[in-house]
Amino acid sequence: MKDSKYIYLDNAATTPMDPKVIEEVIKHFNETYGNSSSLHSAGQKAGQTLLKSREIIASLINAHRDDIFFTSSGTEADNIAIFGVASKNKERGNHIITTTVEHHAVENPYKQLEKKGFEVTFLPVDQFGLINLNDLNNAIKDKTILISIMFANNEIGTIEPVKEIGAIAKKNDVIFHTDAVQAFGKVPIDVIDMNIDLLSASAHKLYGPKGVGMLYIRGKGARKGWGKYIEPIMFGGGHEREMRPSTVNVPGIAGFAKAVELAKEELEKEAARQTKLRNKIIKWVIDNIEDSFLNGHPTQRLPNNVNLGFKYIEGESIVLDLDMEGIATSTGSACSSQSLEPSHVLTAIGLKPEEAHGSLRVTLGRFTTEKEVDYFLEKLPGVIDRLRKMSPLKKGVKYMFDKSSDTEHHH
Ligand SMILES: *Cc1c(COP(=O)(O)O)cnc(C)c1O
């Protein structure tokens with residue numbers, strides 16, 4: 001699949017590994033095989049690699065190295081944060097505040113907690129995907145123990161007002177968790193300045209290996225400093241100071257650290273370069289393709305995220321047709337995501353089902369060139385045109401999947 005002509009514009013789903021990261025991981029697979037908990041030299045070597053990796057990763061977000069806890073994924077980091085805080089604080093209160101646009105790795109743990117007697121407020125968002133800070137203020141009660149709001153949205157790229165949210169959390173003495181998987185390494189993050197207590201990140205969204213993530217837990221670096229407001233949800237050996245037992249994936253983590261090092265070096269330059277390409281795509285499509293629109297915020301969005309809506313057709317078909325042209329993209333349309341409902345994010349920003357069904361997410365990366373973007377823009381109008389010609393959903397025709405219609409959705 002990955003030949004030189006294949007154009008990969010789905011970097012929000014996962015990224016290809018940077019060759020320098022692959023080199024680093026292979027080196028450590030060969031050399032750093034010890035268990036970081038072992039007393040012998042091989043173990044100590046693994047321990048040294050872990051320590052160095054922790055330092056590098058912590059420095060990206062102005063954290064203390066001892067506040068970085070490695071996990072097997074972003075999903076696992078989210079689950080530890082959510083269930084760990086809920087479990088530790090259930091005497092204090094059972095109310096949690098989150099949003100309607102979270103990733104499933106946050107949304108579904110909260111649905112589980114609801115079943116277990118927790119009260120979860122899902123804050124709505126505006127047409128751009130932004131929460132309202134007054135809503136947040138008003139939602140806080142005496143028994144609120146946790147605010148969990150994503151840093152940047154994985155579908156529409158909207159960046160939430162994290163610093164303001166952190167200030168509100170601090171003022172009300174509520175723990176603040178942010179799922180920063182999409183933002184980490186792409187926009188500046190400062191956990192101290194932004195009053196973030198817990199932050200989830202994942203290596204594979206950042207040109208690192210899959211199956212490696214981390215949870216930042218503000219504890220001023222003290223051993224078990226986190227014990228005040230979060231407790232483990234897995235029990236086993238003593239790895240990661242008992243917060244996440246299981247033999248540590250040292251080569252993967254060394255690759256994560258390498259990925260962070262590269263991201264840090266290139267953050268400003270890449271953000272500027274990708275923002276330019278992003279804006280080029282948005283402007284070109286809106287100017288040149290009839291009945292198209294932008295989803296998400298025009299400016300307060302990730303540098304690499306484009307999410308467009310095309311009326312009268314389905315995102316799933318656009319993705320498949322673009323793939324035949326050798327271009328990888330994604331959609332929040334129902335059928336591709338194995339459920340019949342359109343994306344909860346697109347619904348939350350107020351799109352009608354027929355508008356949400358025609359969404360196309362294009363996410364750029366470090367390896368995306370302007371030439372590739374131009375090729376995509378060259379191929380897109382033909383794809384849209386062809387699909388619209390075949391579509392029964394033309395202007396003035398009642399949508400097949402309109403809930404008010406008698407006709408069933410054709411899938
Ligand atoms: C990808 C993603 C996750 C899940 O991370 P994994 O490492 O794949 O488990 C969580 N949150 C957001 C916002 C994501 O984009």
Side-chain angles (χ1 to χ4, degrees), residues 8-17 21 25 57 61 68-84 98-112 122 125 129-131 148-160 162 165 176-187 189 196 198-216 233-234 244 246 249 252-253 255-257 259-260 263 295-297 301-307 328-332 336-337 343-346 348-349 361-365:
Y8 187 75
L9 300 177
D10 196 16
N11 288 278
T14 192
T15 51
M17 276 168 79
V21 174
V25 173
I57 292 167
I61 55 172
I68 304 298
F69 293 77
F70 291 115
T71 66
S72 70
S73 65
T75 300
E76 193 187 50
D78 284 334
N79 273 263
I80 294 173
I82 293 163
F83 289 111
T98 184
T99 78
T100 49
V101 293
E102 296 299 313
H103 189 274
H104 291 303
V106 169
E107 186 194 6
N108 288 333
Y110 285 131
K111 286 191 174 156
Q112 286 301 310
F122 292 89
V125 294
L130 288 170
I131 66 142
S148 192
I149 295 175
M150 70 199 319
F151 205 110
N153 189 274
N154 47 296
E155 289 190 38
I156 56 174
T158 302
I159 300 171
E160 298 296 338
V162 174
I165 296 166
F176 176 33
H177 164 247
T178 187
D179 176 339
V181 173
Q182 289 292 336
F184 192 73
K186 299 196 192 102
V187 294
I189 300 176
I196 296 166
L198 301 150
L199 178 145
S200 318
S202 180
H204 78 93
K205 302 280 173 77
L206 192 74
Y207 318 98
K210 288 161 188 58
V212 184
M214 73 93 173
L215 178 63
Y216 159 77
I233 61 167
M234 280 168 73
R244 200 275 180 177
S246 173
N249 176 3
I253 288 164
F256 189 8
V260 165
N295 293 317
H297 199 281
R301 72 188 297 137
L302 288 171
N304 72 328
N305 177 293
V306 177
N307 192 313
T329 56
S330 159
T331 176
S336 66
S337 47
S343 134
H344 66 288
V345 175
L346 298 177
I349 61 172
R361 184 184 70 179
V362 177
T363 44
L364 315 172

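Each ligand, and each atom within it, is numbered from 1 in the order the structure gives.
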Enquirer: Looking at ligand 1, does any of its N/O atoms fall within less than 3.5 Å of an N/O of Glu76?
Expert: no
Enquirer: What residue and heavy atom of the protein are closest to atom 1 (C) of ligand 1, and at what distance?
Expert: Lys205 NZ, 1.3 Å
Enquirer: Compute the shortest N/O to N/O distance between Ala12 and ligand 1 and return yes if it is under 3.5 Å, no if not.
Expert: no
Enquirer: Test of understanding: with side-chain contact (heavy atoms from CB on, under 4.5 Å), list the residues that count as partners of Thr99, not counting sequence neighbours.
Expert: Val101, Glu102, Ile131, Ile149
Enquirer: Heavy atom under 4.0 Å from ligand 1: found in Asp78's side chain, backbone, both, or neither?
Expert: side chain
Enquirer: On a heavy-atom basis, I'd like to know which of Met214, His204, Gln182 is closest to atom 8 (O) of ligand 1.
Expert: His204
Enquirer: Short list, please: which atoms of ligand 1 are under 4.0 Å from a heavy atom of Ser202?
Expert: 6 (P), 7 (O)
Enquirer: Any side-chain heavy atom of Pro16 within less than 4.5 Å of one from Asn11?
Expert: yes
Enquirer: For ligand 1, does Ser73 get within less than 4.0 Å through its side chain, its backbone, both, or neither, judged by non-hydrogen atoms?
Expert: both
Enquirer: Could you tell me whether the side chain of Phe151 reaches within less than 4.5 Å of the side chain of Val187, counting heavy atoms only?
Expert: yes
Enquirer: Heavy atoms only, cut-off 4.0 Å: how does Thr75 contact ligand 1, side chain, backbone, both, or neither?
Expert: both
Enquirer: Could a heavy atom of Val212 be found less than 4.0 Å from some atom of ligand 1?
Expert: no
Enquirer: Can you confirm, on distance only, whether ligand 1 has an N/O atom lying under 3.5 Å from any N/O atom belonging to Asn154?
Expert: no
Enquirer: Nearest protein heavy atom to atom 11 (N) of ligand 1, by residue and atom, and its distance?
Expert: Asp179 OD2, 2.6 Å
Enquirer: Thr14: which residues meet the side-chain contact (heavy atoms from CB on, under 4.5 Å) condition with it, sequence neighbours left out?
Expert: Tyr8, His204, Lys210
Enquirer: Quick one: does Phe184's side chain get under 4.5 Å of Ile61's, heavy atoms only?
Expert: yes
Enquirer: I'd like to check Gln112 versus Ile82 (side-chain heavy atoms, cut-off strictly below 4.5 Å). Are they in contact?
Expert: no
Enquirer: Do Leu346 and Ile156 have side chains that approach each other closer than 4.5 Å (heavy atoms only, starting at C-beta)?
Expert: yes
Enquirer: Assign the ring pair Tyr110 / Phe122 to parallel, tilted or perpendicular, where the plane angle (0 to 90°) is split at 30° and 60°.
Expert: perpendicular
